[in-house]
Each structure stands twice: as C-alpha cells, then as structure tokens.
Amino acid sequence: MRLLARHLLGLAAGAGLSLSALEAEAAIIDFESVGPAGTVINSQFPGLTISRTGSNATDGPPVVLDTANAPLADKDLQSPFEEPSGSLPSGLSAGPTEPGFILISNNNDDGCGDGTCDRVNDDVGATLRFDFDETVALRFLDLFDLDDGTSSARITLFDSKQEKTVDGNLVGDNSSVTVDIAQFFGGLQTDVSAFEVSFQGSGGLDNIVFDPPGTDVPEPATLALIGSGLLAAGALMRRRRRA
C-alpha cells in the first residue's frame with residue numbers, strides 16, 4: 001500500500017471514521033512505479049499531463065529521483081527527511097520521511113531524449129505544472145527540501161487562480177511537509193483544472209491526492225474530523241520515533 005494511502009488510513013483511525021469509501025474514490029499519484037531514477041515524466045498518468053514551465057523550461061524536464069540514493073550534488077534530497085523546524089500554519093504538517101521516488105525538475109537535459117536522463121539533480125527556481133483533462137478536487141501533496149530553508153514553494157491553482165506560498169523559513173532544510181490543500185487555501189478546492197508548484201530554490205514533490213471527476217465530495221464536518229485524525233496520528237508516530 002502506498003505511503004499516502006497509509007496516511008489516510010491512520011488519519012481515519014485517529015478520527016474514529018471509516019475511510020473505505022474515501023480511499024476507494026481518491027486518486028493518489030506517486031512516482032514509485034514509473035521507471036528508474038531519471039525517467040522523464042509527462043503523460044504516464046491517465047488524465048494528467050506533467051510539464052515544466054517558465055523561462056528556464058528548457059533546462060531539463062520533470063524526472064523521478066530516488067531519495068534513497070540521491071546524487072552527490074545535492075545530498076539534501078537524501079532520505080530520511082526531517083520534520084519541519086518551525087511552527088506550521090494551518091494546512092501544513094510533517095510529511096513522510098522515506099518517500100522513495102519523488103518528482104523534481106532536472107537541472108540538465110543530458111541524454112533525456114531516450115526518456116531517461118543520464119544525470120539527475122534538481123534545478124533551482126523551477127516550476128512544475130500539472131494539467132488535468134477534467135476538473136478535480138485537489139486534496140494533498142507532499143513537498144521536500146525547500147533548498148536551505150530560506151526559499152519557498154508557491155502553489156497556484158487554476159481555474160480559480162489562487163496562489164499561496166509555503167514559507168521555507170518555517171519548514172527547514174532537508175525536511176518534508178504535507179500540504180492539506182483545503183485547509184491551506186481556506187476552503188475546498190473542487191474545480192482545479194491545473195496547478196503549478198514554483199520552487200524559489202530547489203525542491204521536489206510527491207503523493208498528489210485528488211478526487212477524480214464525478215466523485216462525491218465529503219462534507220466539511222467530515223473533513224474536519226479526518227484532519228483531526230491526521231494530526232493525532234502524526235503526533236503518535238512522532239512520539240513513537242522518539243521513544
């Protein structure tokens with residue numbers, strides 16, 4: 001079972017809820033099964049196209065990186081990742097420490113023409129874009145290593161064109177954070193046709209959770225209970241690690 005699916009099950013237990021329906025309906029995009037490190041990512045996931053945008057879009061494509069064997073050029077992408085160093089605002093919580101493969105913008109295009117880049121390392125100041133064939137309800141995503149802790153990651157939602165920034169000062173170097181989109185943006189985001197994550201420095205992402213088109217959206221009260229369960233489960237896991 002994928003890591004974020006385990007998050008959802010743990011969160012349900014903490015809230016005293018059954019998540020069988022939510023788990024069945026939610027789509028979870030991770031990057032464990034799309035190929036070896038360096039695999040170029042674009043249209044491997046049905047209904048979703050992933051690309052790199054902006055003025056430096058030709059530097060290198062989106063690729064998967066193995067955090068258990070990160071390149072020597074950037075050991076900050078080596079797992080295990082750390083917990084955020086600061087007090088986090090609503091919608092942010094400690095993310096997975098051993099994510100496996102994550103998505104980055106590569107800082108070069110060496111050998112990428114065959115679908116697998118020869119050298120893999122994340123680029124600075126890159127923007128990753130995710131275009132859905134139909135609008136979805138965006139739920140969660142995980143961010144990793146916001147450079148040296150002083151940079152940030154800006155999340156932009158389309159069609160609503162809402163933007164919000166994850167402050168690297170609150171997250172810290174070599175850390176992992178889970179973004180609860182509904183809480184972070186102050187409400188359910190059910191009409192997302194695309195979203196972008198723009199890294200001021202380096203960084204990567206994983207575990208994109210969304211409700212596919214036609215999915216019944218849980219009531220806000222249910223989501224609040226689920227969120228409470230997630231916080232409780234996260235606190236319990238952290239206590240167990242420190243024991």
Side-chain angles (χ1 to χ4, degrees), residues 2-5 7-8 11-12 15 17 19 21-31 41 45-54 62 84 88-96 102-103 126-144 146 152-168 170-171 176-200 203-231 234:
R2 287 165 293 182
L3 183 59
L4 202 52
H7 282 348
L8 294 174
L11 142 178
L17 300 171
L19 267 193
L22 181 58
E23 186 189 19
E25 293 177 344
I28 305 174
I29 301 294
D30 66 23
F31 300 94
I41 301 299
F45 302 100
L48 175 64
T49 301
I50 301 175
S51 60
R52 178 173 178 171
T53 66
L88 297 178
S90 176
L92 302 183
S93 60
I102 66 174
L103 183 71
T127 296
L128 292 170
R129 183 178 173 94
F130 303 80
D131 284 279
F132 296 98
D133 289 352
E134 300 181 67
T135 58
V136 303
L138 187 61
R139 294 292 185 190
F140 300 93
L141 58 88
D142 292 333
L143 299 175
F144 301 90
L146 297 185
S152 62
R154 185 178 71 253
I155 302 172
T156 304
L157 307 181
F158 303 88
D159 294 318
S160 60
K161 191 62 177 178
Q162 292 192 65
E163 294 184 350
K164 198 155 187 183
T165 297
V166 179
D167 188 347
L170 301 178
V171 176
S176 165
V177 63
T178 295
V179 183
D180 180 329
I181 296 296
Q183 288 193 35
F184 194 56
F185 280 86
L188 297 178
Q189 303 298 317
T190 59
D191 62 345
V192 177
S193 63
F195 72 94
E196 292 180 349
V197 178
S198 300
F199 296 100
Q200 180 183 352
L205 60 84
D206 195 15
N207 293 322
I208 303 164
V209 181
F210 60 93
D211 294 338
T215 302
D216 289 335
V217 178
E219 293 296 326
T222 301
L223 290 174
L225 285 174
I226 291 173
S228 298
L230 177 59
L231 292 175

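When reading the values below, keep in mind they use all heavy atoms of this one structure, side chains included, and skip hydrogens, waters and symmetry mates. Sequence positions, counted from 1, serve as the residue numbers for this chain.
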With sequence neighbours excluded, what pairs up with S193 under the side-chain hydrogen bond (donor to acceptor under 3.5 Å, both in side chains) test?
-> D159

Pairwise side-chain contact, V179 with R139, heavy-atom cut-off 4.5 Å (strictly under) = no

Say whether, by atom type as modelled, one donor and one acceptor occur between the side chain of E163 and the main chain of K161 under 3.5 angstrom.
-> no

Excluding sequence neighbours, so at least two apart, what forms ring pair (Phe, Tyr, Trp, His ring centres under 6.0 Å) with F45?
-> F31

Any side-chain heavy-atom pair from F184 and V166 closer than 4.5 angstrom?
-> yes

Considering all heavy atoms, the nearest L143-A153 contact = CD1-CB, 4.0 Å

Taking all heavy atoms of L88 and all of L170, pick out the closest pair and write down the distance.
-> CD2-O, 3.6 Å

CG-CG distance between L138 and D180, expressed to the nearest 0.5 angstrom = 10.0 Å

For the residue pair T178 and F140, establish whether any side-chain heavy-atom pair is separated by less than 4.5 Å.
-> yes

Shortest non-hydrogen contact from S152 to D167?
-> CB-CA, 4.4 Å

Mind checking what makes ring pair (Phe, Tyr, Trp, His ring centres under 6.0 Å) contact with F185, not counting sequence neighbours?
-> none

Main-chain N/O of P96 paired with S176 side-chain donor or acceptor, under 3.5 Å = yes

With rounding to the nearest 0.5 Å, note down the distance linking OG1 in T49 to CG in D133.
-> 6.0 Å

Shortest non-hydrogen contact from P213 toward E134 = CG-CB, 3.5 Å

How would you list, by chain and number, every residue that makes a ring pair (Phe, Tyr, Trp, His ring centres under 6.0 Å) with F130, sequence neighbours excluded?
-> F195

To the nearest 0.5 angstrom, please state how far the CG atom of L128 sits from the CZ atom of R52.
-> 7.5 Å

Qualifying residue, where the test is side chain to side chain contact (heavy atoms under 4.5 Å, CB included) with I102 and the options are N207, L205, D142, D206 = D206

So how far is it from E196 CD to R154 CZ, rounded to the nearest 0.5 Å?
-> 8.0 Å

Grab the two heavy atoms, one from T127 and one from S198, that are nearest each other, plus how far apart they are.
-> OG1-OG, 2.9 Å

Would you call L103 and I29 a side-chain contact if the rule is heavy atoms closer than 4.5 Å?
-> no

Side-chain heavy atoms of I155 within contact of K164, under 4.5 Å = no

Hits for side-chain hydrogen bond (donor to acceptor under 3.5 Å, both in side chains) against D131, two or more places apart or cross-chain, chain-then-number order -> R129

